[in-house]
Structures are given as structure tokens and as C-alpha cells.
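As the structure lists them, so they are numbered: ligands from 1, and atoms in each ligand from 1. In what follows, every heavy atom counts, from backbone to side chain, and hydrogens, waters and symmetry copies are set aside. No experiment lies behind these values; they were computed from the predicted model shown.
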Amino acid sequence: MMVLTLTLANLSIGILVNAQPFLKKHPAINPYNYEVVKEASFSKAAVTSAHPLASMVGAAIMKDGGNAFDAAIATQFSLAVVFPGAGNIGGGGFMLARKANGELIGIDYREAAPGKATRDMYLDAQGNPITKKSLDGASASGIPGSVAGMIATHAYAKLSLAKLIEPAIELAEYGYVITAREANGLNSQKANFLKNSSAPSAFTQREWKAGDTLYQPELAATLKRIQEKGLAGFYEGETADFIVKEMQYSEGIITKEDLKNYQPKFRKPIEFDYKGHHIISFSPPSSGGIIIAQMLKMIEPFNVGNMGQNTEASVSLMIEAQRRAYADRAEHMGDPDYWKVPTKTLISDEYAKDRMKDYVPGVAGSSKITLAGQVHESEETTHFSVIDAKGNMVAVTTTLNDTYGNKTIVAGAGFLLNNEMDDFSVKPGSPNMYGALGGEANSIVPGKRMLSSMTPTLVTLNGKPYISIGTPGGTTIPNQVFEGLVNIIDHKMTLKAAIDAPKFHHQWIPDVVGVESDFPEATIEALKVKGYNIVKRGKFGRMDGVVISKDGKRTAAGDKRGDDSVAGY
Ligand code: GLY
């Protein structure tokens, strides 16, 4: 077991005074003193998420008799408290599951465009995008889906919803000690929080440092309303009033009807085979499942394992697959309820073969477009994976879009809103904050869901549960999952090594290859000689996963890039 201990100065209280039922029953989960555990194997069940407390909550829920769905719900609500940058109740996401009996479930709780949204709502009089409006403040928010998504997931759970929300309430009410990373994040956004929100909030009360305790009483009250009233505790009544009031502060257009009418949707997952493995991933409105199917199929005829991991040979092949798949993303993908996505063709073997017929090994392709500038970097989004004792597998990727979403905290309700409207093509042909292009397939229509890159993914081997994996990272997400799977399947790496390995990213436009700062220099130089335009970037995402090894153990791994942490029993 690899354990990293957080050095938390100024621990506020060593023991929980007046602890409520969940934390009292689980004294090992101490919000004032906890460790990051990067990798561990468990005999029965495991969770990996962006925060140690959320992973511990998920594992404890399973030990208390819950299954992987119970754990997922409790983990998501806990992340909304302890990982405010991306864990959320004001955003949306995708829940992908494979039950131990083989049944697949895909719940789409992606945000939707409000009823008053219009195609050109983010364009000025000259028809140019007003980027700030689709990123900053309430005007950038889609109708949040996370609470509805978790309540839909509850149909597969065993414990009461009230029990599953309880840990999050206690963490919000009794507070938790924040890490250096969280302190820096909150401090760096303080001015934006104050500018965009109609009132100061728990996040803005001070300059933060590692070891300070963050109390979120307004968020606790919102979670209690959900605990008592279910959907109505968020989409109606006091919480809905708070959201609609916050809308008025910065040109938001979400109405009470929008909130009341929001529905999660069941989606048929994308399924395909790759070198003896059965891969299951999310379908539109996420582009992720289709893109990884396309890329893996494009490289399947090649012996990638022999080429070596992160060598010029394997990386250039994979870049050319990335270029082709992301070009298709821009043209063909959007909300399937509003746009006919040619999924069957895109993920077929014949199409992959046809797309690669002009591929020449060792020769850089061209997207035939001038560079469109740097890709925005942010941690945004978050992923967690769960596998329980029965073999139920859950993979959830959820987001506010940018880190801390639109930097608007709903006054009185204590949670951040998303800026997911920027994931639409605000002007078909103009890049969004990730530099990604989109067309009519992803134009704004009331009720429509914006195209996503989130790629929660499951793998079975010989019909048995094997891997649950995913990551944040905006448009880099499908590429990271693609590279993670190739690392495991072709390069025979452990889950932890596959997750931590340096990643690269090409998204068709701009025609550049982004590489992480620790990417092998020899490969960078060799790629440059072949004609690739390489740009060094900080870090890509924070991949989390759980794998079942041959002896049945659940080995969980959290990305080295964040405070990601595993738990289990
Ligand atoms: N907001 C990032 C995504 O959905 O892909």
C-alpha cells in the first residue's frame, strides 16, 4: 500500500464534537486528519475519487451493506462538499454501470439549455462570440442535472437516499480540513467568486491555507432539503428560489419551469471489442465513447505493444487516430435527441479502416488549418470509479465545466453553478474554451444538451468485470482514456503506472500535439523531426480507476496529479 500523508498545519479539532450519525459510526473517517492513499488492493470493494474523504465515504457505505450504486451516490454528494472545484450539485455528468449480471446502465444527467436559450445568445451585434458570457456568471449556466442523476441512480441502490446524503451533510456542517491545493484554488478565485455571486459565501470568508477548516452551512441546508424532499428539495421550493434569484444577478436565464422540468435520460452505452477486451463507454451527448471506439479501432491492426510505450512509433500512430476521431467529433456529434449522430458508422470496423487508409507511418498528417491558439488548461470535471463485492462496476464523470464552474455561488444555497453552456458551439466554426470546434450538431437549442468529452469507461475480460476508469480534462478526456487503455492492454502496465504515465493530446484543431511536461524528450525530438508541432503543457486531468486482478482483488489507483485517493475493504 502506498500512503502519502498530508501535512496539515493548524488542525482545528482532533475529534468530532457532537458528531452526527455517519461520522460517529465511522471514526476512521476523520475530516480533520486524513491521508491520501494513492494505490491499494482490497479483497471486496474499492472506490477511487478526487478526494480521500469522498472515497472513504463510498467504501464505508459499501461496508454498511450498500452496493456500488449506493457508494457512487454517497461519493458524488460528498465530492460536492469536499471537492468544490468540480464535485458538484450545480453541474451535471454521466453515470455508467455494469451490474454483476451483465446489465448495462447509462444515466445522462448532463445540463440542458434553458427554455429561453437562443442559438445566438452568446454573440454580439457583429456576430462575434462574447466568450465571457458563456463562461462567467449565471449567464453561462445550463440547467443542473447532478441531483436528478443521483436520484435516478438510486433505483439501483440498496440503502435509503437519506442515508447516502447524510455523510455529505455532516462534512458540510462540521467542516473538513482543506489541502494546500484546495486553499490555493479557493484563494485564486476569491475575486471572481465575489464579482460573480450576489453575496459573499463560505469560500470567500478568508485567505485560505492548508489545514484550515471549511464549514459550509448553507450547502448543508441545501443537502438537507434534498435529503427530506428528494428532487423537490433541489428543483422546487427554497433551493429553486435561490437559484432563480441568483440568475437575476448576472443575466442568467434559468427559470423555475426549467428546473422543475429537468429530466435525466437513460442512454444505451457504446460497446465494442479491442484486442480481446470488451469496452463499454458513454454515448452522445458525450462524444467520449464514440471517440475512444474510433481511435482504438484505428490502431487495432498495429502491434502497438512492440512499438513501445510513448515512443515516436506508437505516439505518431495514436496522434493520427486522434486527429481523425476529433475531426469527426466536430462535425457529427451532438445531443442525439436533436441531431442524428451516425454512431453505428463511426464505430464500425469498416469506417476505421477507411479513415486510416491515407495513414503513412512516420509521416505527420495535417489538419489543413492554421493554429487556433493554446488549449485552455484547467482541472475542471472529476471522475470516480467503484467496484463492489458482487462485481457491480460504476464509473461516474461529473463536471461544472471550468474549475469552480462559472465562479457563482448560489446565495443562500451555498453551491457553485456550472458554465457548461460554453460546451455548445456558441458560434458554429468558432473554438470554445478548449479550442475545440463544433458545428450545427452542437448548436444551442432550448432543452438540448451540450456535447461533452466525458468518458466514464468500463472493461470486461472473458465476460467478467475487469476495469472501471475515467478522468477529468475537458477535450483531453477521450485521449487520456484511450492512452490509459492502450497502456494497460498493449503495454501491459499496471493500472497505477498506466494512469501516471505522461500523456499527449491532439484534437484535430489546433493542429498541435500537447504533451505533459514530463513527456520523454527523445520522443518529443523524434516527433518534431517528423513534422509534428509539439507544445509542452502542465498536466492532463486526474485519472482514477479500479481493476479486478486475477485473484479477485480490487486494486484501486488514484492519479499522481491530484489529491486523488483510494479506499476499500
Ligand atoms: N465540460 C467538459 C465536458 O463535458 O467535456
Residues which pass side-chain hydrogen bond (donor to acceptor under 3.5 Å, both in side chains) with Arg324, listed by chain and number, not counting sequence neighbours = Glu320, Asp358
Only heavy atoms of [X], strictly under 4.0 Å: list the atoms of ligand 1 that pass.
X: Asn401; value: 1 (N), 2 (C)
X: Arg110; value: 4 (O)
X: Ser452; value: 3 (C), 4 (O), 5 (O)

Result of checking Asp500, Asp564, Ile499, Ile477 against Met543 for side-chain contact (heavy atoms from CB on, under 4.5 Å) | Ile499
Would you mind writing out the side-chain donor-acceptor pairs for residues 141-151 within the sub-3.5 Å range, not counting sequence neighbours?
unit_1 : atom_1 : unit_2 : atom_2 : d
Ser141 : OG     : Asn406 : ND2    : 2.9
Ser141 : OG     : Asn418 : O      : 2.8
Ser146 : OG     : Asn88  : OD1    : 2.5
Ser146 : OG     : Gly91  : O      : 3.2
Ser146 : OG     : Gly92  : N      : 3.4

Check whether the ring centres of Phe424 and Tyr122 lie less than 6.0 Å apart, and answer yes or no.
-> no
Please check if the distance between the ring centroids of Phe234 and Phe415 is under 6.0 Å.
-> yes
Polar-atom distance check: Thr381 versus ligand 1, any N or O pair below 3.5 Å?
-> no
For Met450 and ligand 1, answer yes if some heavy atom of the residue is under 4.0 Å from a ligand atom, otherwise no.
-> no
Counting heavy atoms only, which of Thr399, Asp423, Leu400, Asp422 comes nearest to atom 2 (C) of ligand 1?
-> Asp423
